[in-house]
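Positions are given from 1 along the sequence. Just so it is clear, the model here is predicted, and its values are computed rather than measured.
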Amino acid sequence: MGRLDFIRNEEKKYHDYCYENYKLFEEGSWLYKPVKTVMELFPLFNEKENIRVLDLGSGVGRNSIPIAQKIKEKNGIVNCVDLLDSALNKLKRYSEVYEVKEVIQTQKADIGHYKIKRDEYDLIVAVSTLEHVESEEVLEKVLRRMALGTKKNGINCIIVNSEVEEIDLESNQKLEVMMEINNKTEDMIHRLDRIYAGWDVLNKLVKPLEYKIVRDEKEVLLKTNAITYVVRNIEI
(Lines give C-alpha, C1' and ligand atoms only; values in the text may rest on other atoms or scores of the structure.)
Protein backbone atom coordinates (compact mmCIF):
# COMPACT_ATOMS: atom_id res chain seq x y z
CA MET A 1 0.00 0.00 0.00
CA GLY A 2 1.42 3.39 -1.03
CA ARG A 3 1.59 6.38 1.29
CA LEU A 4 -1.48 8.06 -0.19
CA ASP A 5 -3.61 4.93 0.12
CA PHE A 6 -2.34 4.34 3.67
CA ILE A 7 -3.20 7.87 4.80
CA ARG A 8 -6.63 7.76 3.21
CA ASN A 9 -7.36 4.41 4.78
CA GLU A 10 -6.36 5.74 8.22
CA GLU A 11 -8.47 8.87 7.73
CA LYS A 12 -11.42 6.75 6.61
CA LYS A 13 -11.17 4.63 9.78
CA TYR A 14 -10.99 7.75 11.94
CA HIS A 15 -13.97 9.47 10.32
CA ASP A 16 -16.07 6.30 10.13
CA TYR A 17 -15.49 5.86 13.87
CA CYS A 18 -16.50 9.46 14.61
CA TYR A 19 -19.63 9.32 12.46
CA GLU A 20 -20.72 6.06 14.06
CA ASN A 21 -20.01 7.01 17.66
CA TYR A 22 -20.86 10.71 17.82
CA LYS A 23 -24.11 12.32 16.78
CA LEU A 24 -24.31 15.58 14.90
CA PHE A 25 -24.81 18.62 17.19
CA GLU A 26 -24.34 16.60 20.38
CA GLU A 27 -21.51 17.40 22.78
CA GLY A 28 -18.47 15.16 22.81
CA SER A 29 -16.75 15.76 19.47
CA TRP A 30 -16.00 18.36 16.79
CA LEU A 31 -19.43 17.54 15.32
CA TYR A 32 -21.02 19.43 18.23
CA LYS A 33 -21.60 22.69 16.35
CA PRO A 34 -20.93 24.36 13.01
CA VAL A 35 -17.87 26.47 12.40
CA LYS A 36 -18.51 29.97 13.71
CA THR A 37 -16.62 31.60 10.85
CA VAL A 38 -18.92 29.96 8.30
CA MET A 39 -22.15 30.90 10.03
CA GLU A 40 -21.10 34.51 10.57
CA LEU A 41 -21.08 35.03 6.80
CA PHE A 42 -24.82 34.76 6.34
CA PRO A 43 -25.76 38.35 7.16
CA LEU A 44 -23.86 39.18 3.95
CA PHE A 45 -26.49 37.19 2.02
CA ASN A 46 -29.58 38.66 3.72
CA GLU A 47 -30.81 40.40 0.57
CA LYS A 48 -30.05 37.52 -1.79
CA GLU A 49 -32.36 34.81 -3.12
CA ASN A 50 -31.53 31.53 -4.90
CA ILE A 51 -28.30 31.15 -2.95
CA ARG A 52 -26.03 28.40 -4.24
CA VAL A 53 -23.51 26.88 -1.82
CA LEU A 54 -20.81 24.25 -2.36
CA ASP A 55 -19.50 22.38 0.70
CA LEU A 56 -16.31 20.53 -0.24
CA GLY A 57 -15.69 17.67 2.16
CA SER A 58 -19.08 18.12 3.79
CA GLY A 59 -18.92 15.12 6.09
CA VAL A 60 -22.22 14.43 7.84
CA GLY A 61 -23.38 18.03 7.63
CA ARG A 62 -21.73 19.88 10.48
CA ASN A 63 -21.79 23.04 8.35
CA SER A 64 -24.10 22.16 5.47
CA ILE A 65 -27.14 21.37 7.63
CA PRO A 66 -27.08 24.79 9.41
CA ILE A 67 -26.34 26.47 6.06
CA ALA A 68 -29.36 24.73 4.56
CA GLN A 69 -31.52 25.93 7.45
CA LYS A 70 -30.37 29.50 6.79
CA ILE A 71 -31.16 29.48 3.06
CA LYS A 72 -34.18 27.16 3.00
CA GLU A 73 -36.63 30.04 2.67
CA LYS A 74 -34.52 31.73 -0.01
CA ASN A 75 -34.82 28.93 -2.56
CA GLY A 76 -31.25 27.93 -1.73
CA ILE A 77 -29.30 24.78 -2.52
CA VAL A 78 -26.28 23.27 -0.75
CA ASN A 79 -24.23 20.91 -2.89
CA CYS A 80 -22.38 18.56 -0.51
CA VAL A 81 -19.35 16.66 -1.83
CA ASP A 82 -17.56 13.93 0.11
CA LEU A 83 -15.63 10.76 -0.65
CA LEU A 84 -16.95 8.65 2.23
CA ASP A 85 -20.19 6.68 1.95
CA SER A 86 -20.49 6.77 5.75
CA ALA A 87 -20.56 10.58 5.65
CA LEU A 88 -23.04 10.95 2.83
CA ASN A 89 -25.42 8.30 4.17
CA LYS A 90 -25.52 10.03 7.57
CA LEU A 91 -25.89 13.42 5.87
CA LYS A 92 -28.96 12.24 3.98
CA ARG A 93 -30.53 11.01 7.23
CA TYR A 94 -29.68 14.21 9.10
CA SER A 95 -31.13 16.31 6.27
CA GLU A 96 -34.46 14.56 6.89
CA VAL A 97 -34.22 14.92 10.67
CA TYR A 98 -33.53 18.66 10.39
CA GLU A 99 -36.11 19.13 7.62
CA VAL A 100 -33.75 20.38 4.91
CA LYS A 101 -33.86 17.38 2.61
CA GLU A 102 -35.02 19.48 -0.34
CA VAL A 103 -32.09 21.91 0.14
CA ILE A 104 -29.28 19.34 0.41
CA GLN A 105 -27.80 17.70 -2.68
CA THR A 106 -25.12 15.04 -2.17
CA GLN A 107 -22.41 13.78 -4.47
CA LYS A 108 -19.73 11.18 -3.83
CA ALA A 109 -16.45 12.44 -5.25
CA ASP A 110 -12.80 13.12 -4.51
CA ILE A 111 -12.70 16.90 -4.11
CA GLY A 112 -9.30 16.91 -5.78
CA HIS A 113 -10.95 16.01 -9.06
CA TYR A 114 -14.40 17.53 -8.61
CA LYS A 115 -15.39 19.81 -11.46
CA ILE A 116 -16.85 23.19 -10.59
CA LYS A 117 -18.71 25.21 -13.20
CA ARG A 118 -17.58 28.78 -13.75
CA ASP A 119 -19.57 31.41 -11.79
CA GLU A 120 -21.76 28.70 -10.22
CA TYR A 121 -21.71 29.44 -6.48
CA ASP A 122 -22.37 32.31 -4.08
CA LEU A 123 -20.43 30.54 -1.32
CA ILE A 124 -17.84 27.77 -1.41
CA VAL A 125 -16.86 26.24 1.94
CA ALA A 126 -13.79 24.05 2.46
CA VAL A 127 -13.24 23.28 6.14
CA SER A 128 -10.36 20.94 7.09
CA THR A 129 -10.49 19.27 3.69
CA LEU A 130 -7.97 20.85 1.31
CA GLU A 131 -5.08 19.26 3.22
CA HIS A 132 -6.47 15.89 2.14
CA VAL A 133 -6.06 16.27 -1.63
CA GLU A 134 -3.43 14.02 -3.10
CA SER A 135 -0.66 16.46 -4.06
CA GLU A 136 0.50 20.08 -4.18
CA GLU A 137 -0.38 20.19 -7.87
CA VAL A 138 -3.93 19.02 -7.17
CA LEU A 139 -4.27 21.53 -4.33
CA GLU A 140 -3.39 24.34 -6.73
CA LYS A 141 -5.97 23.13 -9.24
CA VAL A 142 -8.72 22.81 -6.61
CA LEU A 143 -8.17 26.34 -5.35
CA ARG A 144 -8.25 27.74 -8.87
CA ARG A 145 -11.48 25.83 -9.60
CA MET A 146 -12.98 27.27 -6.44
CA ALA A 147 -12.03 30.80 -7.45
CA LEU A 148 -13.36 30.43 -11.00
CA GLY A 149 -16.54 28.79 -9.72
CA THR A 150 -17.44 31.75 -7.51
CA LYS A 151 -19.91 34.38 -8.68
CA LYS A 152 -19.12 38.08 -8.48
CA ASN A 153 -19.46 39.14 -4.82
CA GLY A 154 -19.43 35.46 -3.88
CA ILE A 155 -17.31 34.18 -1.01
CA ASN A 156 -14.77 31.40 -0.48
CA CYS A 157 -14.43 30.29 3.15
CA ILE A 158 -11.35 28.15 3.73
CA ILE A 159 -10.07 26.60 6.94
CA VAL A 160 -6.95 24.53 6.37
CA ASN A 161 -4.42 22.91 8.68
CA SER A 162 -0.69 23.58 8.41
CA GLU A 163 2.47 22.46 10.21
CA VAL A 164 0.56 19.52 11.67
CA GLU A 165 2.11 17.20 14.25
CA GLU A 166 0.72 13.96 15.64
CA ILE A 167 2.07 12.68 18.96
CA ASP A 168 1.36 9.34 20.63
CA LEU A 169 0.18 10.35 24.10
CA GLU A 170 1.32 7.10 25.72
CA SER A 171 4.90 7.10 24.39
CA ASN A 172 5.19 10.85 23.61
CA GLN A 173 6.65 9.86 20.24
CA LYS A 174 5.96 11.84 17.10
CA LEU A 175 4.01 9.89 14.52
CA GLU A 176 3.71 10.16 10.78
CA VAL A 177 1.15 12.84 10.06
CA MET A 178 -1.96 11.40 8.43
CA MET A 179 -2.52 14.29 6.05
CA GLU A 180 -1.62 14.33 2.39
CA ILE A 181 -0.62 18.02 2.41
CA ASN A 182 1.26 19.43 5.39
CA ASN A 183 2.58 22.82 4.33
CA LYS A 184 4.42 25.38 6.38
CA THR A 185 1.94 28.00 7.50
CA GLU A 186 3.59 30.85 5.62
CA ASP A 187 3.76 28.78 2.42
CA MET A 188 0.04 27.99 2.53
CA ILE A 189 -0.87 31.61 3.17
CA HIS A 190 1.38 32.73 0.32
CA ARG A 191 -0.38 30.28 -2.01
CA LEU A 192 -3.81 31.54 -0.97
CA ASP A 193 -2.76 35.18 -1.34
CA ARG A 194 -1.43 34.48 -4.82
CA ILE A 195 -4.51 32.64 -6.08
CA TYR A 196 -6.96 35.12 -4.56
CA ALA A 197 -5.01 38.26 -5.52
CA GLY A 198 -7.49 41.09 -6.09
CA TRP A 199 -10.22 39.57 -3.89
CA ASP A 200 -11.49 41.34 -0.79
CA VAL A 201 -10.05 39.65 2.31
CA LEU A 202 -12.79 39.37 4.95
CA ASN A 203 -10.90 37.24 7.45
CA LYS A 204 -7.33 35.96 7.58
CA LEU A 205 -5.85 34.50 10.75
CA VAL A 206 -3.73 31.67 12.09
CA LYS A 207 -4.75 29.91 15.30
CA PRO A 208 -2.57 27.25 16.97
CA LEU A 209 -4.75 24.36 18.08
CA GLU A 210 -4.27 21.00 19.73
CA TYR A 211 -6.78 18.29 20.48
CA LYS A 212 -6.98 14.57 21.09
CA ILE A 213 -8.01 12.10 18.41
CA VAL A 214 -8.04 8.31 18.29
CA ARG A 215 -6.00 6.30 15.79
CA ASP A 216 -6.06 2.51 15.95
CA GLU A 217 -7.59 2.71 19.42
CA LYS A 218 -4.71 4.86 20.68
CA GLU A 219 -5.01 8.45 21.91
CA VAL A 220 -3.06 10.84 19.74
CA LEU A 221 -2.45 14.56 20.27
CA LEU A 222 -2.88 16.50 17.05
CA LYS A 223 -1.22 19.93 16.94
CA THR A 224 -1.79 22.35 14.08
CA ASN A 225 -1.71 25.93 12.91
CA ALA A 226 -5.26 26.30 11.61
CA ILE A 227 -5.50 28.94 8.87
CA THR A 228 -8.80 30.75 8.41
CA TYR A 229 -9.02 32.48 5.03
CA VAL A 230 -12.24 34.13 3.89
CA VAL A 231 -12.31 36.18 0.67
CA ARG A 232 -14.95 37.83 -1.53
CA ASN A 233 -14.86 38.04 -5.32
CA ILE A 234 -15.40 41.78 -5.62
CA GLU A 235 -16.72 43.52 -8.73
CA ILE A 236 -13.97 45.03 -10.88
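Residues Val177 and Val220 fall within the same hydrophobic cluster, defined by Ile, Leu, Val, Met, Phe, Trp and Tyr side chains chained together at heavy-atom separations under 4.5 Å. Linking ILVMFWY residues whenever their side-chain heavy atoms come closer than 4.5 Å, directly or via other members, places Val160 and Val201 in the same cluster. Linking ILVMFWY side-chain heavy atoms closer than 4.5 Å, directly or via other members, places Leu88 and Val81 in two distinct hydrophobic clusters. Under the 4.5 Å side-chain heavy-atom criterion for grouping Ile, Leu, Val, Met, Phe, Trp and Tyr, Phe42 is connected to Val230 within one hydrophobic cluster. Under the 4.5 Å side-chain heavy-atom criterion for ILVMFWY residues, no single connected hydrophobic cluster contains both Met188 and Val164.
Arg145 is listed as a side-chain neighbour of Lys141, based on a closest heavy-atom distance under 4.5 Å. Using a 4.5 Å heavy-atom threshold, the side chains of Tyr94 and Lys23 count as touching. Considering only heavy atoms from C-beta on, Val231 stays 4.5 Å or farther from Leu192 through its side chain. Leu83 has its side chain out of reach of Ile111: every pair of non-hydrogen atoms, C-beta onward, lies at least 4.5 Å apart. At least one side-chain heavy atom of Leu139 sits under 4.5 Å from a side-chain heavy atom of Asn183. Side-chain contact between Val53 and Phe45 is absent, with no heavy-atom pair separated by less than 4.5 Å. Within the 4.5 Å cutoff, the side chain of Val97 has no heavy atoms near those of the Leu24 side chain. When side chains are defined from C-beta on, Leu222 counts as touching Met179, because their heavy atoms get closer than 4.5 Å.
Scored by the side-chain hydrogen bond (donor to acceptor under 3.5 Å, both in side chains) test, Arg191 finds Glu136, Glu140 as partners (sequence neighbours excluded). For Asp187, the side-chain hydrogen bond (donor to acceptor under 3.5 Å, both in side chains) test picks out no residue, with sequence neighbours left out. Looking at residues two or more places apart in sequence or on another chain, you find a side-chain hydrogen bond (donor to acceptor under 3.5 Å, both in side chains) between His113 and Glu134. Applying the side-chain hydrogen bond (donor to acceptor under 3.5 Å, both in side chains) rule to Thr185 yields the partners Ser162, Glu163, Asn225; only residues at least two apart in sequence or on another chain are considered. Every residue meeting the ring pair (Phe, Tyr, Trp, His ring centres under 6.0 Å) condition with Tyr98, not counting sequence neighbours, appears here in chain and number order: Phe25. With sequence neighbours excluded, the residues satisfying salt bridge (charged side-chain N to carboxylate O under 4.0 Å, His left out) with Lys204 are Asp193.
The line from CE of Met178 to CG of Asn9 is 10.5 Å long, rounded to the nearest 0.5 Å. Atoms CD1 and OG1, from Ile159 and Thr37 in turn, are 4.5 Å apart once rounded to the nearest 0.5 Å. In this structure, CG on Leu41 lies 9.0 Å from CE on Met39, to the nearest 0.5 angstrom. Once rounded to the nearest 0.5 Å, the distance linking OG1 of Thr106 with CG of Asp55 reads 12.0 Å. One distance of note links CH2 of Trp199 with CD1 of Ile155; it measures 9.5 Å at 0.5 Å rounding. In this structure, Leu205 CG and Thr228 OG1 are separated by 4.5 Å, a value rounded to the nearest 0.5 Å.
Within a 6.0 Å radius of CD in Glu186, no more than 12 heavy atoms belonging to other residues, nucleotides or ligands are found. Under a cut-off of 6.0 angstrom, the local environment of CD in Glu49 is crowded, with over 12 non-hydrogen atoms contributed by other residues, nucleotides or ligands. Environment of CZ in Arg194: crowded, with over 12 heavy atoms of neighbouring residues, nucleotides or ligands closer than 6.0 Å. At most 12 heavy atoms of other shown residues, nucleotides or ligands fall within 6.0 angstrom of atom NZ in Lys101. Summarising the local packing, CD of Glu102 is surrounded by more than 12 heavy atoms from other residues, nucleotides or ligands at distances under 6.0 Å.
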Give every donor-acceptor pair under 3.5 Å between a side-chain atom in residues 56-68 and any protein atom, sequence neighbours left out.
{"residue": "Arg62", "atom": "NE", "partner": "Trp30", "partner atom": "O", "Å": "3.0"}
{"residue": "Arg62", "atom": "NE", "partner": "Lys33", "partner atom": "O", "Å": "2.9"}
{"residue": "Asn63", "atom": "OD1", "partner": "Val35", "partner atom": "N", "Å": "2.8"}

Identify all side-chain donor-acceptor contacts of residues 122-131 below 3.5 Å with residues at least two apart in sequence or on another chain.
{"residue": "Asp122", "atom": "OD1", "partner": "Lys48", "partner atom": "NZ", "Å": "3.4"}
{"residue": "Asp122", "atom": "OD2", "partner": "Arg52", "partner atom": "N", "Å": "2.8"}
{"residue": "Glu131", "atom": "OE1", "partner": "Thr129", "partner atom": "N", "Å": "3.1"}
{"residue": "Glu131", "atom": "OE2", "partner": "Asn161", "partner atom": "N", "Å": "3.0"}
{"residue": "Glu131", "atom": "OE2", "partner": "Asn161", "partner atom": "ND2", "Å": "2.6"}

May I have the list of side-chain donor-acceptor pairs in residues 69-78 shorter than 3.5 Å, sequence neighbours left out?
{"residue": "Lys72", "atom": "NZ", "partner": "Glu99", "partner atom": "O", "Å": "2.6"}
{"residue": "Lys74", "atom": "NZ", "partner": "Asn46", "partner atom": "O", "Å": "2.7"}
{"residue": "Asn75", "atom": "ND2", "partner": "Asn50", "partner atom": "OD1", "Å": "2.5"}

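Among residues at least two apart or in separate chains, salt bridge (charged side-chain N to carboxylate O under 4.0 Å, His left out) pairs with a member in residues 75-85 are Asp85-Lys108. Residue pairs satisfying the salt bridge (charged side-chain N to carboxylate O under 4.0 Å, His left out) criterion with at least one member in residues 205-215, sequence neighbours excluded, are listed as follows: Glu11-Arg215, Glu166-Arg215. Within the structure, side chain to side chain donor-acceptor pair (under 3.5 Å) pairs that include any residue of residues 169-182 comprise Arg3-Glu176, Arg8-Glu180, His132-Glu180, Glu165-Lys174 (at least two apart or interchain).
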List the steps and the verdict of side-chain contact (heavy atoms from CB on, under 4.5 Å) for Ile227 and Ile158.
CA-CA 8 Å; Ile227 300 168; Ile158 296 166; over 6 Å; no
Using the side-chain contact (heavy atoms from CB on, under 4.5 Å) rule, take Val142 and Tyr114 through it: C-alpha gap first, then chi angles, then the decisive distance, then the call.
CA-CA 8 Å; Val142 173; Tyr114 182 73; over 6 Å; no
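Residues Asn233 and Thr150 bring no donor and acceptor atom of their side chains to less than 3.5 Å of each other.
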